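These notes concern the structure reproduced below.
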Number of protein chains: 2
Amino acid sequence: MTKQAYPTPVCTIDAVLFRIHDEQLQVALIRRPSDARVYANVLALPGGFVHVDSDQNLNDTLLRNLKEKVALSPAYIAKLEFEGNISRDPEGWSITCPYLCLIDESASCSEQVCWMSVSDFLGESPSINLPFDHQQLIQKAFHRLYHRAKYSTEPNYFFREPFTLSELQTVYEIVLGKPLHKKNFRDRIEESDSVEETGESKIVKRSRAKLYTHKQPQKPHFFSRVLQGALD
Amino acid sequence: MTKQAYPTPVCTIDAVLFRIHDEQLQVALIRRPSDARVYANVLALPGGFVHVDSDQNLNDTLLRNLKEKVALSPAYIAKLEFEGNISRDPEGWSITCPYLCLIDESASCSEQVCWMSVSDFLGESPSINLPFDHQQLIQKAFHRLYHRAKYSTEPNYFFREPFTLSELQTVYEIVLGKPLHKKNFRDRIEESDSVEETGESKIVKRSRAKLYTHKQPQKPHFFSRVLQGALD
DNA sequence: AGAATAGTGTCTGTAAGACATTATACA
DNA sequence: TGTATAATGTCTTACAGACACTATTCT
């Protein structure tokens with residue numbers, strides 16, 4: 001009954017990295033290396049192995065992999081549900097520790113990154129097939145973000161730089177897939193106490209809008225009531 | 001960049017197994033084997049390694065370990081957040097895939113199991129020190145159950161046999177640590193559509209109470225509003 | 001009969017939902 | 001001056017919260 005008695009499954013992290021771009025929710029994919037034992041040269045979620053020498057924890061593993069493969073550090077990260085079984089990797093038993101990562105639209109990243117619309121992966125027959133259980137991981141990450149948009153301020157972290165409330169509302173509308181009442185949205189954000197005015201403002205379209213920043217980094221507010229009503 | 005290029009951390013499952021007993025929320029601990037390389041003969045959460053030959057997935061790993069070490073199968077299981085770092089195990093890098101498990105009060109289990117009050121582990125200085133990060137895992141599991149008791153019917157699964165609504169309310173009160181209004185609680189449970197009458201009833205204390213069972217096994221209902229009010 | 005528990009009726013308060021209005025910038 | 005957007009005011013409604021009440025069973 002000592003530790004080395006059993007072979008341990010292969011264990012990796014995977015990053016489901018989302019951004020808002022062109023009025024779409026997009027996910028980052030990268031092409032697997034040509035010398036990979038399975039799924040060589042195929043588009044997949046960025047991920048990788050723990051470096052037991054350099055990583056102190058799985059967070060380090062995630063950030064290192066994103067830096068190496070996508071060349072950016074996310075504005076927000078959160079753990080998703082682990083997944084481990086004999087069939088997700090053709091090479092045998094494996095476990096993944098997947099993360100949801102949010103990044104702001106203007107963040108620059110490696111040109112290797114292929115951004116695809118998340119909606120391409122929500123149906124039964126996606127436009128491209130992803131290796132492993134990566135489509136399921138994207139679906140789970142979206143499911144989480146979608147629901148959190150209804151009862152938390154997690155989508156706030158699609159912004160790193162100051163933002164206007166209208167921009168923020170647009171993000172929520174894209175995630176939820178339906179328009180929201182402006183006043184209700186603003187009341188809700190105010191009630192959450194999740195943002196504060198910078199004092200600055202910017203001219204957007206034909207009006208002047210106040211700029212806001214996060215009050216708490218990486219700590220969404222949770223509402224006591226789920227957002228029900230939305231237009232249509 | 002092939003798979004076997006890096007050593008993989010040790011990966012285990014841990015079970016935070018809760019029951020309601022003696023008006024308390026209790027957690028199951030077992031004594032580690034005397035030949036363990038670390039923390040031999042110490043009380044800890046039941047857990048163990050993946051058997052890549054016999055387990056199809058981590059669920060199998062959990063159930064097999066619970067059967068072997070606690071001699072029972074839980075009424076409800078759910079994944080908790082994975083944890084992986086260099087310091088949680090004195091032997092080095094390790095990852096745990098922890099599960100929350102609920103079992104009914106009357107379930108019989110191995111006599112080896114030591115049931116302890118969860119409240120013993122919620123403060124800074126617990127009555128006994130647990131190895132690894134097991135105290136944190138218990139705290140996280142309780143935190144989840146506590147909050148889910150406020151916005152879901154997850155605590156329903158402390159029952160496997162038919163139960164009365166008063167018994168159910170008592171379970172919620174123990175988890176939440178405060179009394180609830182009877183009528184409000186019953187309205188909420190009815191609204192959730194999570195239980196149905198068996199048609200049977202039983203005499204409890206000085207009155208006759210209807211018996212209920214789950215409508216959906218393993219699928220809690222989620223309310224659109226968080227339970228705020230409770231007595232005191 | 002009295003006590004304890006199961007089960008129900010109903011009023012209130014609060015925050016989400018719906019919609020209207022005002023203010024501001026620009027062409 | 002007209003139009004599009006920012007920002008706010010206010011009425012309605014749904015449901016949690018509080019509490020009173022009735023029904024049933026046992027001592």
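Lettering follows sequence order; numbering is per chain, from 1. Everything numeric here is computed off the predicted structure, so don't read it as measured data.
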Around His21(A), counting heavy atoms of other residues, nucleotides and ligands shown, do more than 12 lie under 6.0 Å from its NE2?
yes
Looking at Glu23(A), I want to see if its CD is surrounded by more than 12 non-hydrogen atoms of other residues, nucleotides or ligands under 6.0 Å.
no
Sugar-phosphate, base or nothing in reach of [X], heavy atoms under 4.0 Å:
X: Arg208(B); result: sugar-phosphate
X: Leu165(B); result: nothing
X: Lys182(B); result: base

Hey, which of these two, Thr164(B) or Asp187(B), hits DNA chain C nearer its 5' end, going by closest nucleotide?
Thr164(B)
I want to confirm an ordering. Mapping Arg188(A) and Ala209(B) to their closest nucleotides on DNA chain C, which one lands closer to the 5' end?
Ala209(B)
Once you round it to whole Å, what is the distance between [atom2] of [N] and [atom1] of [X]?
X: Ile189(B); N: dA6(C); atom1: CD1; atom2: C1'; answer: 16 Å
X: Glu190(A); N: dA16(C); atom1: CD; atom2: P; answer: 12 Å
X: Lys150(B); N: dC15(D); atom1: NZ; atom2: P; answer: 21 Å
X: Arg206(A); N: dA4(D); atom1: CZ; atom2: C1'; answer: 5 Å
X: Glu191(B); N: dC15(D); atom1: CD; atom2: P; answer: 7 Å
X: Tyr151(B); N: dA16(D); atom1: OH; atom2: C1'; answer: 18 Å
X: Lys183(B); N: dT22(D); atom1: NZ; atom2: C1'; answer: 13 Å
X: Tyr172(B); N: dG17(D); atom1: OH; atom2: P; answer: 14 Å

To the side chain of [X], which of [options] is closest?
X: Ser207(A); options: dT5(D), dA7(D), dA18(C); answer: dT5(D)
X: Ile203(B); options: dC26(C), dC26(D), dG9(D); answer: dC26(D)
X: Ser166(A); options: dG17(C), dC19(D), dA6(D); answer: dA6(D)
X: Lys210(A); options: dT8(D), dA18(C), dG7(C); answer: dT8(D)

Taking Glu154(B) for the side chain and Leu145(B) for the main chain, is one N or O donor matched with an acceptor at less than 3.5 Å?
no
With distance as the sole test, does Thr61(A) use its side chain to make a donor-acceptor pair with the main-chain N or O of Asp55(A) at under 3.5 Å?
no
May I ask you to verify if any side-chain N or O of Arg186(B) is less than 4.0 angstrom from the OP1 or OP2 atom of dG7(C)?
yes
If the cut-off is 4.0 Å, is His181(A) near the phosphate of dA18(C), judged by side-chain N/O to OP1 or OP2?
yes
Enter the distance from Asn85(B):CG to Ser94(B):OG here, rounded to the nearest 0.5 Å.
6.5 Å
Along DNA chain D (nearest heavy atom to each residue), the more 5'-positioned of Arg225(A) and Tyr212(A)
Tyr212(A)
